[in-house]
Amino acid sequence: MQLEKVIHKVKRGDRRAQKLLFDKYVDRLFAVARRYAVNDELAEDALFQAFMKIYTKLPEFEYINEPALLGWLTRIVINQTLMDRRKELSTLYKVETLDEERHESSWIEEMDDGALIDLVNELPDGYRTVFLMNVVDGYAHKEIAELLGISESTSRSQFFKARQFLQKKLAQDYGQAGT
């Protein structure tokens, strides 16, 4: 069935169309939720809550094309996962002030994807969340701060610490420091 027709049916509350939409995107969106959740169970919970929001907010969404839909779905999943973790995350952050620092990701681009994922997964929760939001999902520190309920300087600090952690691990494990 054509995606636009499925969306139209979901907007009207058609359960079969909801299942089609869910089945089409569940794996991809679970991977997104998993990046921000502590474990698979919490990612799954956030994903199901996100789908409930998707079904209720879909009538407000104007379908343009599949990439726009996927971006909208992804943002809802990220926001839901972060909302579920907000209280937990707020205890992980310590307010610090750092000068704004520019970063380059050239060392990331040169690494094997599996090795990079393993390194990022070693980051403490707070560092990993900010790092992923900035590098993978393209959020600015101001947006990260708003979504996590922290200050912009804390977001920058967490990113800076994540970067230092990764550089140290790279030097130890791979004999390179990165930038």
Side-chain angles (χ1 to χ4, degrees), residues 21 25-40 42-109 111 113 116-117 119-167 178-179:
L21 185 69
Y25 294 107
V26 68
D27 292 336
R28 185 179 287 172
L29 295 175
F30 178 75
V32 171
R34 185 60 188 100
R35 283 198 308 254
Y36 296 103
V38 175
N39 59 44
D40 288 349
L42 294 174
E44 208 171 272
D45 289 346
L47 182 62
F48 287 119
Q49 290 175 2
F51 264 101
M52 296 308 295
K53 284 185 180 177
I54 288 165
Y55 296 144
T56 58
K57 292 183 177 195
L58 197 57
E60 301 166 18
F61 179 77
E62 184 178 333
Y63 181 82
I64 299 168
N65 57 30
E66 187 174 12
L69 173 66
L70 185 57
W72 183 74
L73 296 172
T74 300
R75 189 164 282 269
I76 290 174
V77 170
I78 289 170
N79 288 341
Q80 183 63 48
T81 307
L82 291 175
M83 203 177 336
D84 288 355
R85 292 197 56 212
R86 192 174 193 160
K87 286 181 184 176
E88 177 190 344
L89 288 172
S90 66
T91 63
L92 296 174
Y93 296 106
K94 303 289 182 213
V95 177
E96 294 180 26
T97 305
L98 286 177
D99 293 334
E100 182 167 338
E101 180 159 324
R102 311 276 315 156
H103 66 281
E104 293 180 24
S105 58
S106 60
W107 60 272
I108 293 173
E109 294 164 4
M111 284 189 70
D113 288 346
L116 177 60
I117 289 168
L119 279 176
V120 170
N121 284 335
E122 289 182 34
L123 288 168
D125 276 346
Y127 297 2
R128 184 177 65 242
T129 300
V130 171
F131 183 83
L132 288 171
M133 289 181 77
N134 183 269
V135 174
V136 176
D137 294 312
Y139 285 97
H141 288 291
K142 183 175 181 177
E143 293 172 303
I144 295 169
E146 289 171 8
L147 286 168
L148 298 180
I150 59 176
S151 70
E152 196 172 335
S153 63
T154 299
S155 175
R156 291 181 195 290
S157 172
Q158 295 295 311
F159 179 82
F160 178 76
K161 289 177 181 179
R163 204 170 127 227
Q164 282 184 320
F165 180 93
L166 291 172
Q167 287 172 341
T179 57

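Arg28 has its side chain out of reach of Leu73: every pair of non-hydrogen atoms, C-beta onward, lies at least 4.5 Å apart. Two residues are said to be in side-chain contact when any heavy atoms from C-beta on lie closer than 4.5 Å; Ile76 and Leu29 fail this criterion. Here the side chains of Val130 and Thr154 are not in contact, with every heavy-atom distance at 4.5 Å or above.
Within the model, atoms CZ of Arg156 and CD1 of Ile150 stand 11.0 Å from one another, a figure rounded to the nearest 0.5 Å. With values rounded to the nearest 0.5 angstrom, Tyr127 atom OH is found 11.0 Å from Leu166 atom CG. To the nearest 0.5 Å, the span separating CG on Asn134 from OG1 on Thr129 amounts to 12.5 Å. With rounding to the nearest 0.5 angstrom, the CD1 atom of Ile78 is 7.0 Å from the CE atom of Met133. Here the OH-CG distance, from Tyr63 to Asn65, works out to 6.0 Å after rounding to the nearest 0.5 Å. To the nearest 0.5 angstrom, Leu123 atom CG is 13.0 Å from Arg163 atom CZ.
With sequence neighbours excluded, the residues that form a side chain to side chain donor-acceptor pair (under 3.5 Å) with Ser155 are His141. Under the rule for a side-chain contact (heavy atoms from CB on, under 4.5 Å), the partners of Ala43 that lie at least two apart in sequence or sit in another chain are Phe30, Ala33, Arg34, Ala37. For the salt bridge (charged side-chain N to carboxylate O under 4.0 Å, His left out) test, no residue two or more places apart in sequence or in another chain qualifies with Asp45. Take Asn39 and apply the side-chain contact (heavy atoms from CB on, under 4.5 Å) test, not counting sequence neighbours, and it matches Glu41, Leu42. For Glu44, the salt bridge (charged side-chain N to carboxylate O under 4.0 Å, His left out) criterion is met by no residue, not counting sequence neighbours.
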### Task
Could you walk me through whether Leu58 and Trp72 pass side chain to side chain contact (heavy atoms under 4.5 Å, CB included), step by step?
CA-CA 10 Å; Leu58 197 57; Trp72 183 74; 3.5 Å; yes
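Here the closest heavy-atom approach between residue Arg35 and residue Leu132 is recorded as O-CD1, 3.3 Å.
Residue pairs that meet the salt bridge (charged side-chain N to carboxylate O under 4.0 Å, His left out) test with at least one member in residues 57-80, sequence neighbours left out, are Lys24-Glu66.
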Considering only distance and modelled atom types, tabulate donor-acceptor pairs under 3.5 Å from the side chains of residues 47-56, sequence neighbours left out.
from  : atom 1 : to    : atom 2 : distance (Å)
Gln49 : OE1    : Gln80 : NE2    : 2.7
Lys53 : NZ     : Gln80 : OE1    : 2.7
Tyr55 : OH     : Gln18 : O      : 2.9
Thr56 : OG1    : Met52 : O      : 3.3
Thr56 : OG1    : Lys53 : O      : 3.0

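Without hydrogens or angle criteria, Thr81 side chain to Val77 main chain gives a donor-acceptor distance under 3.5 Å.
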